[in-house]
Amino acid sequence: KRDQEDLQQLKAAVADLDPQSTEIKTFAELPLSQPTTSGLKASHFQTLTDVQQRAIPLGLRDRDILGAAKTGSGKTLAFLVPVLEKLYRAQWTEFDGLGALIISPTRELAVQIFEVLRKIGRYHAFSAGLVIGGKSLKEEADRLSRMNILVCTPGRMLQHLDQTAGFDADNLQVLVLDEADRIMDMGFQSAVDALVEHLPKTRQTLMFSATQSKKVSDLARLSLKDPEYVSVHQDA
Ligand code: ADP
Ligand code: MG
């Protein structure tokens with residue numbers, strides 16, 4: 001009962017949040033769940049970087065985002081915090097299947113994202129996995145249907161959506177495309193297009209890149225709905 005009241009209060013606070021707010025400087029000032037707040041604190045994250053300050057309020061308010069900010073500006077938390085919060089507010093459980101899919105151009109970057117997710121998500125009950133190949137398709141497939149959040153590379157993920165029986169993304173709430181410029185430069189356009197075909201149309205999509213380019217805006221046109229543009233030039 002108490003938990004339900006807290007959840008309703010959190011939802012009300014998010015509904016009250018100005019998505020364009022520039023006043024919020026710290027994670028503590030954002031309407032975040034207890035598990036996320038504790039995870040951020042335990043990871044020693046306190047002050048928002050510029051891209052986080054712009055993107056997190058929009059993300060919490062369920063907006064699609066096209067964000068550009070240079071390497072090192074803190075884009076990972078700019079999408080991971082809204083992802084955790086969206087699933088938390090939806091009271092996502094193991095029975096709800098895949099709630100969030102995070103696409104990265106390389107295995108190494110996927111592993112880095114996964115490690116940050118494990119750190120700041122440590123007090124959440126969600127299951128999370130990496131889908132980057134390296135293991136047999138079957139070995140990966142056995143665990144997929146139990147995962148709430150997956151961090152993946154495009155080709156491998158598409159292989160599972162095409163071939164793994166009993167696994168689908170029909171319930172997906174949020175799609176993240178990280179390093180969209182590199183995704184395009186590495187020739188993953190058609191894999192991402194095919195991936196998106198497997199996803200429900202009603203979803204939130206967060207797309208981030210270090211640079212803006214025609215290829216990135218092409219990808220954005222295909223996968224984002226009425227996006228908010230967040231572009232940060234200064235140092236974070
Ligand atoms: P990007 O994806 O934009 O290249 P990252 O998300 O990898 O940037 O973050 C770059 C570095 O900044 C990481 O070491 C990360 O831990 C740190 N960082 C991110 N957000 C914050 C923050 N709010 N406060 C302090 N350090 C942060
Ligand atoms: Mg990054």
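Counting starts at 1 for both ligands and their atoms, following the listed order.
Counting only heavy atoms of the protein, atom 3 (O) of ligand 1 lies nearest to Lys75 NZ, 2.8 Å. Of the protein's non-hydrogen atoms, the one nearest atom 22 (C) of ligand 1 is Thr47 O, 3.5 Å. In terms of protein heavy-atom proximity, atom 27 (C) of ligand 1 is nearest to Phe45 CE2, 3.5 Å. In terms of protein heavy-atom proximity, atom 20 (N) of ligand 1 is nearest to Gln52 NE2, 2.8 Å.
Atom CD of Gln20 sits in a crowded spot, with more than 12 heavy atoms from other residues, nucleotides or ligands closer than 6.0 Å. The environment of Arg122 atom CZ is dense: over 12 non-hydrogen atoms of other residues, nucleotides or ligands sit within 6.0 angstrom. Taking a 6.0 Å sphere around CD of Gln8, one finds it holds more than 12 heavy atoms contributed by other residues, nucleotides or ligands.
A donor atom on one side chain and an acceptor atom on the other are not found under 3.5 Å apart for Asp170 and His198.
Distances between N or O atoms of Gly74 and those of ligand 1 include at least one value under 3.5 Å. For a threshold of 3.5 Å applied to N or O pairs, the pair formed by Gly72 and ligand 1 contains at least one separation below that value. The distance criterion of under 3.5 Å between nitrogen or oxygen atoms is not met by Gln46 with respect to ligand 1.
For ligand 1, the atoms closer than 4.0 angstrom to any heavy atom of Thr76 are 2 (O), 5 (P), 6 (O), 7 (O). When each atom of ligand 1 is checked for a heavy atom of Ser73 under 4.0 Å away, the hits are 1 (P), 3 (O), 8 (O). Residue Lys70 has at least one heavy-atom neighbour below 4.0 Å for each of these atoms of ligand 1: 3 (O). Below 4.0 Å from some heavy atom of Leu77 lie the following atoms of ligand 1, by number and element: 20 (N). Taking every non-hydrogen atom of Thr71 and a distance limit under 4.0 Å, the qualifying atoms of ligand 1 come out as 4 (O).
Protein non-hydrogen atoms do reach within 4.0 Å of atom 6 (O) of ligand 1.
The aromatic rings of Phe167 and His160 sit perpendicular, their planes meeting at an angle over 60°, well past the 30° parallel limit.
At a threshold of 4.0 Å, the pair Glu179-Lys75 does not count as salt-bridged, since none of the basic side-chain nitrogens sits closer than that to a carboxylate oxygen. Between Glu140 and Lys135 no salt bridge is recorded (no basic side-chain N to carboxylate O distance below 4.0 Å). Ion pairing between a basic and an acidic side chain is recognised when a charged N comes within 4.0 Å of a carboxylate O; Arg89 and Asp62 show such pairing. The pair Asp185-Lys215 meets the salt-bridge criterion, since a charged nitrogen lies less than 4.0 angstrom from a carboxylate oxygen.
Between Ala69 and ligand 1 there is no heavy-atom distance shorter than 4.0 Å. Using a 4.0 angstrom heavy-atom cutoff, Phe208 does not count as in contact with ligand 1.
With rounding to the nearest 0.5 Å, the separation of CG in Asp218 from OG in Ser213 is 8.0 Å.
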